[in-house]
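Report on the following structure.
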Amino acid sequence: MIDVHGHAKGEHVAFAQERPIPYTAGTIFSWFGRAAGTGRVRTLVLTDHSNLAAPQDPDAIATAREALTLAAAGDAAGAAQTADVPLEKASMLSRAMQGGLRCLIGVEADNDPRDAQAAAEILSQWSPACVIRSVHFLELEHPNGGRWLWPFDNPEFSSFYECYSASLLWRCYVETLLRQINELRTDVVGHFYVPAKFGHWPPLRELAEHEDRLVDACTRRSLAIEFNTRALYRGPAENRETYLAHYRRLLRKSARAGVPVALGSDAHCPEDQTKGFDLAMDVIAQVGGVEVYAA
Ligand SMILES: [Zn+2]
Ligand SMILES: [Zn+2]
């Protein structure tokens, strides 16, 4: 089992206060250690947001990768020293990795306009094992005039849903997403249903057409589609069935087209990695013929 989606840099802070957060080798190593403690997974991919990338990250990632290689080879003491973590932690992760656990460092690359240039430069200095491509901003007409980039899935800006119909929101979202995945490196298309975070689903016929376009693009470019389980373990329980129904349909289309499906918990704390996977695996089994992505 693989979990392609985790954020060691933690939960989002207020929009105006978000700044790049530097990794240390120790934070990365400890994230994997704590996530491995759940014992439910074979491959873990760390995918923090591209806009949180700090200039120190490429060095920290290189050191963390060295420590992980040592841990995988059974050298817990070397790993502890390299990552600057207690030996006990390193031994635990080393045992898990010797048992087959893989720990990879990727990124969730989105269209956040804040310091996008700086983020791209930093990103070019390490090779992400997996790029989850996602859209978190939509360029629309602001109610007071002028174009703006709306952080539509951020609760601080949710009052703007009154200004746009679900149909318009979804059309703009899908156009933006398809442009991104057609032009930029993508391994996995992240959380396709994110515009419905606050319940804004378009009419089913339109949603189905959007899904068809996504599956087409993924077929052409050999991309995987994420089955994001965050809504299955967070947020209102009544949403769960809605999400599962939509994912069931999307998985049927993916299976028919031969598009792999990547399981992602979108965990913002290590203990949340692989949460919701039981429900997701049930859907995968019901649909049948689904190829599960393996980074
Ligand atoms: Zn995201
Ligand atoms: Zn995420």
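In listed order, ligands and their atoms are each counted from 1.
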Item to check | Salt-bridge present (Glu211, Arg205; N to O < 4.0 Å) | outcome: no

Item to check | Every N, O or S from the protein that is nearer than 2.8 Å to the Zn ion (ligand 1) | outcome: Glu108 OE2, His136 NE2, His191 NE2

Checklist outcome for this item: For the Zn ion (ligand 2), the nearest N/O/S atom on His7 is atom NE2

Next on the checklist: Any carboxylate oxygen within less than 4.0 angstrom of a Lys/Arg side-chain nitrogen, looking at Asp57 and Lys9?
Outcome noted: yes

Checklist entry - If you look at His5, which of its N/O/S atoms is nearest to the Zn ion (ligand 2)? => result NE2

Checklist entry - Only one of Gln17, Glu18, His7, Glu156 forms a side chain to side chain donor-acceptor pair (under 3.5 Å) with His12, so which one is it? => result Glu18

Checklist outcome for this item: Residues pairing under salt bridge (Lys or Arg N to Asp or Glu O under 4.0 Å) where one sits in residues 165-186, two or more places apart or in two chains, turn out to be Glu175-Arg213, Arg185-Asp187

Item to check | Contacts of type salt bridge (Lys or Arg N to Asp or Glu O under 4.0 Å), residue Glu291, not counting sequence neighbours | outcome: none

Item to check | Cluster companions of Ile105 among Ile, Leu, Val, Met, Phe, Trp, Tyr (side-chain spacing under 4.5 Å) | outcome: Tyr23, Ile28, Phe29, Trp31, Phe32, Val41, Leu44, Leu46, Ile61, Leu68, Val85, Leu93, Met97, Leu101, Val107, Ile122, Leu123, Trp126, Val131

Checklist entry - Is the NZ or CZ atom of Arg114 positioned over Phe15's six-membered ring, under 6.0 angstrom from the centre and within 45° of the axis? => result yes

